[in-house]
Structure formats: structure tokens, C-alpha cells
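What follows is one structure encoded as C-alpha cells, with my remarks underneath.
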Amino acid sequence: MELSLAFARAPVKPRAPRRRAGYAGPTVRKDDEPDRTEGDINLSPARRAWAARYLGPETRRWLEADEACFLRQSLSTPCLNVLRGCEGIYLEDLEGRRTMDFHGNNVHQVGFGHPRVIEAIKRQLDALPFCTRRYTCEPAVELARKLAELAPGRLKKVLLAPGGTTAIGMALKLARAATGRFKTISMWDSFHGASLDAISVGGEALFRRGIGPLLPGTEHVPPPDPSGCPFRCGTECSLQCADYVDYVLAKEGDVAAVVAETVRSTPSIPPPDYWRRVRAACDRHGALLILDEVPHALGRTGRMFTCEHFGIEPDMIVIGKGLGGGVFPLAALIAREDLDVLPEGALGHYTHEKSPVGCAAALATLAVIEEEKLLERSRRLGELALERMRAMMARHPLIGSVRGLGLLLGIELVKDRATRSPAVEEAERVMYRALEKGLSFKVTKGSILTLTPPLIIEEAELLRALAIIEECLVEVGSGGG
Ligand SMILES: Cc1ncc(COP(=O)(O)O)c(C=O)c1O
């Protein structure tokens with residue numbers, strides 16, 4: 001009797017909505033949860049514990065001074081540590097500890113302080129340190145010619161800018177000018193820089209939230225990433241997201257450009273046919289295709305331009321980051337020759353547009369990439385790393401998946417391979433343990449160890465880094481770390 005009364009009084013639970021297999025819904029962050037999309041967060045208890053254990057008093061004084069004098073922002077306040085040097089694949093902190101840098105903001109294709117880059121910069125500083133607007137200079141012209149020579153097909157016209165964000169802004173303006181349209185289609189979760197125009201086409205909540213109205217006409221579609229995909233393709237992309245781009249282009253009818261990262265740094269690598277389908281959709285609907293390769297062009301994925309893996313030619317490509325040799329802020333928009341349609345307008349005109357020193361650094365960087373055969377190296381070492389990572393996966397249940405293209409590598413940690421629930425705390429502990437053992441990398445989406453070593457890395461150093469990660473997985477898996 002009592003039992004039935006208790007039963008009658010039991011609160012009625014709302015029925016959970018039915019979910020088709022493979023679809024967990026988008027990851028929605030609660031207000032009190034840290035945002036881990038862009039990287040590991042720097043306010044967690046694990047971070048505080050690591051800092052207390054690892055950083056000495058002088059380092060802490062500098063970190064406090066940094067916080068006191070800079071405007072604070074997520075991800076970089078407080079900073080991780082204080083650097084006093086960097087060379088090759090290594091960072092050196094204030095306390096003299098050397099760490100392999102598998103993060104490097106993706107500026108370090110040729111490593112830090114490559115002698116040829118430094119030499120070219122020093123020579124240029126003595127000859128012509130700045131190029132006033134209205135003038136041009138030899139290194140700028142040589143660089144534009146070199147980029148046009150390297151870029152695929154009809155991409156022959158270049159405009160330089162002091163950063164990837166500004167180069168993306170120039171591409172958006174050129175797309176408007178060339179098509180007479182203003183709308184764009186871009187991807188949720190993408191990143192194209194932190195300015196208002198770039199966050200409008202970008203799709204990361206961390207950058208878009210609470211900042212007010214963004215650019216009108218910036219439509220978003222799901223990225224080719226099966227995790228949380230609304231098309232419910234399960235563990236492998238079914239390319240319905242590519243067909244959806246075609247659908248939105250048709251419905252809108254007047255889209256200027258599709259703007260997207262060829263691959264994401266997460267890393268997330270679309271299936272081989274994805275870009276062919278999107279390219280065809282753009283052609284059908286008169287939209288341009290702008291590929292953002294700011295972090296990954298110049299060899300990260302084993303090709304000079306990442307789109308070469310997918311057998312397509314975009315209408316514009318944006319590169320940056322390592323273009324300045326890991327020293328100078330420099331980016332470039334490379335566009336189809338016939339898109340040179342705004343001679344009377346202003347696309348960029350940034351103060352350091354034709355920086356002779358930046359261009360000299362870029363020319364030296366491209367020479368190093370070619371002469372030291374860094375594209376081949378990136379492909380060879382990337383395959384070796386992936387093979388080792390697959391073997392690690394067979395030994396460690398914490399690893400849910402491994403992925404890579406060239407030396408853009410990722411190890412996803414999961415609590416349980418069946419449910420694929422992300423092992424967020426474990427990933428963070430692995431990262432801090434690895435830092436103590438001399439290896440720095442970023443954790444993306446909360447649980448993906450994202451590894452982007454300099455392309456000049458020696459095989460033995462790469463294997464040492466993977467061994468460090470494995471040691472950390474063992475320690476964390478057995479409750480340590
Ligand atoms: C894909 C992508 N696009 C654009 C940018 C912006 O580049 P920058 O920070 O040089 O302005 C970044 C920077 O991380 C990026 O990763």
C-alpha cells in the first residue's frame with residue numbers, strides 16, 4: 001500500500017527527447033562552465049596546482065606584473081609561464097627549463113630563430129627597415145611573386161597584411177566588391193581571427209558571446225565534424241553537411257562567399273570529397289570560395305597549401321602565422337587574378353603592409369621550407385607519428401581516437417570508448433604532467449591533445465615527445481598526475 005502511494009507520489013520525470021544513434025547534440029556550454037573550445041583553460045584547479053608546484057617566486061612576480069599592466073582576457077590571463085628564450089623546437093623559461101614546443105601558435109614551421117631567417121632580417125634591417133606607403137620595395141615584390149608561383153592555379157594576385165585577421169577582413173571586402181553581394185556562409189566552431197568582422201564569420205562562442213550585433217548576412221552551417229553533427233552521421237562524416245552548404249546557397253541565392261578553414265586546428269580533417277562538393281556548390285550559385293589557411297599553409301599538413309590535399313582550387317586563400325618566419329607578424333591574401341577588381345578602393349592599406357623586414361623573413365622562410373624539404377619531412381614524420389599514436393591507442397583505453405595530416409596531430413581522450421564522453425580532467429592532467437617533463441602542447445575542445453611540432457623536428461625528438469605523452473597517460477590512468 002505504502003509502496004503504491006510512494007509510487008503515485010513520485011515526481012513525473014519529463015521524457016528525454018529521442019536521439020538517433022550517433023547524435024549527441026551540439027556541445028552547449030553552461031554559463032558557469034569554462035569555455036574550452038580554443039584551448040586549455042587557465043583558471044582551473046589543476047592549473048593552480050601546477051603553477052604552485054612548478055613556478056618559482058621570480059616567475060610568479062612577472063606573471064603578477066603581466067596581469068597588473070595588461071587588460072585581462074580569457075586564455076591568457078594569467079599567462080602560463082615567462083619565457084626568456086626560444087630556439088629551434090625549444091622554449092626556455094625564466095628558470096632555464098627547456099620545453100619542446102608542440103603548440104607554437106603555429107608560427108614555427110621552421111622552428112624558432114632559424115639562422116637563415118635571423119640573418120635575412122638582420123641584413124634587411126641594415127638596408128631598409130621600413131617602406132613608407134606609396135613606395136614599394138624589392139623584398140615585397142619578390143615575396144608576392146614567390147607566393148603567386150607557389151599558390152595553386154589561378155591564384156596570382158597578392159595583398160600583404162600585418163596579421164591573419166586583417167587578411168581575412170580584406171578577403172571579405174574583396175568578395176563583396178567582386179560579387180556585388182554581401183552575404184557569407186561559414187562554419188560553426190570555426191575561427192578566423194578576433195576582430196568584429198572575423199568573429200562574425202567565425203563560429204566560436206568564446207569570441208562571439210556578449211559582444212553585441214555582428215555583421216549582417218553572416219550565415220553559419222555545421223562543419224564537417226561528426227562529433228555533435230546535426231546530420232547524425234555517427235562517427236564518420238556522411239557529407240550531408242556539404243550538401244547543406246549547397247542548399248543554403250540555393251535558398252539565399254545571393255551569397256558572396258563561403259569562408260572556411262580547409263582543416264581545423266582541433267584537428268578536424270574533412271573527408272576527401274568535402275571540398276570538391278563545396279567547390280561545385282559555390283560554382284553553381286556564383287559564390288566565391290575563401291579558404292583560411294592561416295595556421296596550416298606552408299607545410300604543416302605536408303603541402304605548401306592545405307587545399308592541395310583535396311584537389312580543389314579556391315578563389316582566395318589566406319595565409320599568415322609562420323609566413324613571417326615565427327618572428328614577424330605577416331599574412332597574405334592570395335586571390336584569383338581576375339578578382340583584381342577594386343583599383344579605386346581600399347582593401348587593406350595597413351601601415352606595415354609591405355614591411356621589408358617582414359618580407360625578407362618570409363622569403364627566407366619559404367627558402368628554408370623548400371631547401372630543407374620540410375613538406376616531405378612533415379608528411380613522413382606525420383605518418384610515423386600517426387602510426388605510433390595508433391599503437392598507443394591499442395594500449396591505452398583513455399585514447400578514444402587519433403588523427404593527423406602531416407604534422408597536424410591530435411589524440412582525443414575519452415572516459416569510455418562506447419559513450420565517447422570526453423576525458424576533460426584527464427586531458428588537462430596529461431598536459432600539465434607533460435609540461436613538467438619538457439613538452440608543451442594545447443588541449444582543444446576540452447579533451448583533444450593537439451600536437452603541432454615545428455617541421456624541422458628530428459625523428460628522435462618527435463618519438464621522445466610521444467613517449468612523454470605515453471608516460472603521462474600511464475600516470476594519469478593510474479590515478480597519478
Ligand atoms: C584559422 C585562423 N584564421 C585566422 C587567424 C587570425 O590570425 P592572427 O591572429 O594572425 O590575426 C587565426 C589565428 O589563430 C587562425 O587560427
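Counting starts at 1 for both ligands and their atoms, in listed order. Quick note: residue numbers are just sequence positions, from 1. What you are looking at is a predicted structure, and each value in this text was computed from that prediction instead of being measured.
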query: Going by atom types only, do E412 and S401 share a side-chain donor-acceptor pair under 3.5 Å?
result: yes

- prompt: Going by the order shown, which atoms of ligand 1 are within less than 4.0 Å of some heavy atom of H192?
  reply: 3 (N), 4 (C), 5 (C)

- prompt: Does the side chain of H285 come within less than 4.5 Å of V255's, by heavy atoms?
  reply: no

message: As a test of understanding, state which of D225, T450, T266 forms a side chain to side chain donor-acceptor pair (under 3.5 Å) with K445.
response: D225

query: Is T165 close to ligand 1, meaning an N/O of one under 3.5 Å from an N/O of the other?
result: yes

- line: So the atoms of ligand 1 within less than 4.0 Å of a heavy atom of G193 turn out to be 4 (C), 5 (C), 6 (C)

field: Heavy-atom side-chain proximity of D254 to K183 below 4.5 angstrom
entry: yes

query: H296 and S265: side-chain donor and acceptor closer than 3.5 Å?
result: yes

task: Compute the minimum heavy-atom distance from D292 to ligand 1 and say whether it is under 4.0 Å.
output: yes

- prompt: What is the ring orientation for F112 with H108, classed by angle as parallel under 30°, tilted 30 to 60°, or perpendicular over 60°?
  reply: tilted

message: Can you tell me how the ring of F207 sits relative to the ring of F191, calling it parallel under 30°, perpendicular over 60° and tilted otherwise?
response: tilted

message: So, regarding V294 and ligand 1 (criterion: nitrogen or oxygen to nitrogen or oxygen, under 3.5 Å), is there a contact or not?
response: no

task: Using non-hydrogen atoms of the residue, decide whether E293 is closer than 4.0 angstrom to ligand 1.
output: no

query: Any idea which atoms of ligand 1 are less than 4.0 Å away from a heavy-atom of E261?
result: 1 (C)

query: Can P295 be said to touch ligand 1, with heavy atoms closer than 4.0 Å?
result: yes

- request: Please indicate whether any nitrogen or oxygen in K321 is less than 3.5 Å from any nitrogen or oxygen in ligand 1.
  value: yes

